[in-house]
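Below is one structure, written out as structure tokens, with a few remarks after it.
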Amino acid sequence: MKYFDAIGALALLTASAAAANLTGEWAGSVQIPQRQSRPVSLWLDAQGDSLTGYMSSSQGNVPITNATASAGRVSFDIVRDYFGEERRSTYSADVDGDRMILHMPSFGGRGRGLDVTMKRISTATPKPLPPAPPKVSLPAAAPVPSNGLAKTPPMGWNSWNKFRSEVSDKLVRETADAMAGNGMKAAGYRYVNIDDTWQAGRDAHGNILPNERFPDMKALAAYVHGKGLKLGIYSSPGPKTCAGYEGSYGHEEQDAKTYAAWGIDYLKYDWCSGSTVYDYHSMQAVYAKMGEASLHSGRPIVYSLCQYGVLKGPQWGAEAGGNLWRTTGDIRDTWESMSHIGFDLQLDLAPYAAPGHWNDPDMLEIGNGGMTTTEYRTHMSLWSLLAAPLLAGNDLRNVSPAILAILTNKEVIAVDQDALGKQATRVSKTGDLEVWARPLTGGAIAVGLFNRSGAPASITARAAAIGLQGSGRVRDLWTHTGRGTINGEFSAEVPAHGVVMVRIDPVR
Ligand code: GLA
């Protein structure tokens, strides 16, 4: 045997020995900060140097592929079907006897991965992967009649971005107090929306129960209404929400009636575990089901679809009864996330926005600390040009004057809330410099000169590109001053990651 063959054989032997040691069921618990912990188990079967098995979690059972094992280290891939797209993620683990640290990659490459401690709880050879339970397919649904709500994009606040599972009755009341008193209500903000983690489970009659953080939803709604504001809530068409709480599966009408009885005015309905029970090709019908249920709940309820824009959601959101629909995955409080969602992922969506029906590029991160004031101004300007819902996502009980000034800029909000309901389109792009324009009621045009680069730059908007015939008076919506007249083109110096946002009124 040649030297290298010997090394190879030795390596193979070690791999086999290492793999052989892995057979059995390994169990652990995934603890994502501020979400409910979720059990995960790994069933491994080591035969010679082959390692097979599957992973079991609330998302179902998925086989592992490409598994390799060498002394103390295992690696394998999991391939998932993400709404028709193949998503492969690579897992690895450090093994020490009956314990392993499983390194889980971040979902979709976003955010940080997670380490989970797994313990071997059985050395039995796993049984073959049980067949996946059949998925429910719903017949195509008739278009849900319009509920007549959200003639302009909803404005308000949502608990998720800042508070995750720390949302409570107390927080919602204090947020309503703040919104009513700090100028936001006067600027048009209305909805105070409870996101995920409010549910406890169901009573013997199947009625949804709030958990100990929400002792009395009806009283809470009355309190919020007493401030001249509205209350929103959150659920999922699947059995579980994204954070692992009780979803509405099989209780859609019952839940809609409960929400109405409590005095709820807005429902965000998040796909989450929907794919564990439904064939996702039925998604429109699944959303229509809750659309109908809310429509007949006995109370006007704004209906917000959260299905991340997959399967052409923006094209059928309105038919499913939606007043708004998410267009992307979750926003994070970073320039990269916000600018990618706002600039790159909304490009073809303008045709689907109209009074009563809005594209939702996700909630605002303004004031959460991960971006500069300049970047937050860009965030507010872009969302307003996009006719996006303006749902603040920060702690309203404690807002700096600079952040409050951004959130309550009435001239920018007037663009967002313009009655024509036309979403801006990108009219020019030169490297990192972009011009977006939106027609407004009465022939005016809102224009954003955006500098996505890291250095100040001069940006020019041409009259023909923004749809201006003749000349127009230019008003700066952040400095609240006139900027002269546009004749052919308008240029401005724009700071790095910043915006100059103007309203142009044609001179007739
Ligand atoms: C998903 C949604 C978020 C938020 C969380 C709650 O990730 O996209 O907006 O509602 O679920 O778990």
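Each ligand, and each atom within it, is numbered from 1 in the order the structure gives.
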Does at least one non-hydrogen atom of Lys268 fall below 4.0 angstrom from an atom of ligand 1?
yes

Please lay out, stage by stage, how Asp216 and Tyr223 fare under the test side chain to side chain donor-acceptor pair (under 3.5 Å).
CA-CA 11 Å; Asp216 187 342; Tyr223 184 85; over 6 Å; no

Quick check: does Asp362 get an N/O under 3.5 Å from an N/O on ligand 1?
no

Using a 4.0 Å heavy-atom cut-off, say whether Thr197 meets ligand 1 through its side chain, its backbone, both or neither.
neither

Would you sort out whether Val74 and His103 count as a side-chain contact (heavy atoms from CB on, under 4.5 Å), showing the intermediate values?
CA-CA 10 Å; Val74 182; His103 309 293; over 6 Å; no

Can Ser275 and Trp271 be said to form a side chain to side chain donor-acceptor pair (under 3.5 Å), step by step?
CA-CA 8 Å; Ser275 295; Trp271 183 256; 2.8 Å; yes

Tyr308 N/O to ligand 1 N/O under 3.5 Å:
no

Tell me yes or no: between the side chains of Asp77 and Asn66, is some donor less than 3.5 Å from an acceptor?
yes

Show me which atoms of ligand 1 lie under 4.0 Å from any heavy atom of Cys306.
2 (C), 8 (O)

Only heavy atoms count here, so choose which of Asp360, Asn193, Asp270 is nearest to atom 11 (O) of ligand 1.
Asp270

Which residue is it: Ile406, Leu407, Asn394? I am looking for the one with a side-chain contact (heavy atoms from CB on, under 4.5 Å) to Tyr376.
Ile406

Less than 4.0 Å is my threshold; does some heavy atom of Thr241 fall inside it relative to ligand 1?
no

Atoms of ligand 1 less than 4.0 Å from Asp196 heavy atoms?
6 (C), 12 (O)

Just say parallel, tilted or perpendicular for the rings of Phe83 and Tyr280, cut-offs at 30° and 60°.
perpendicular

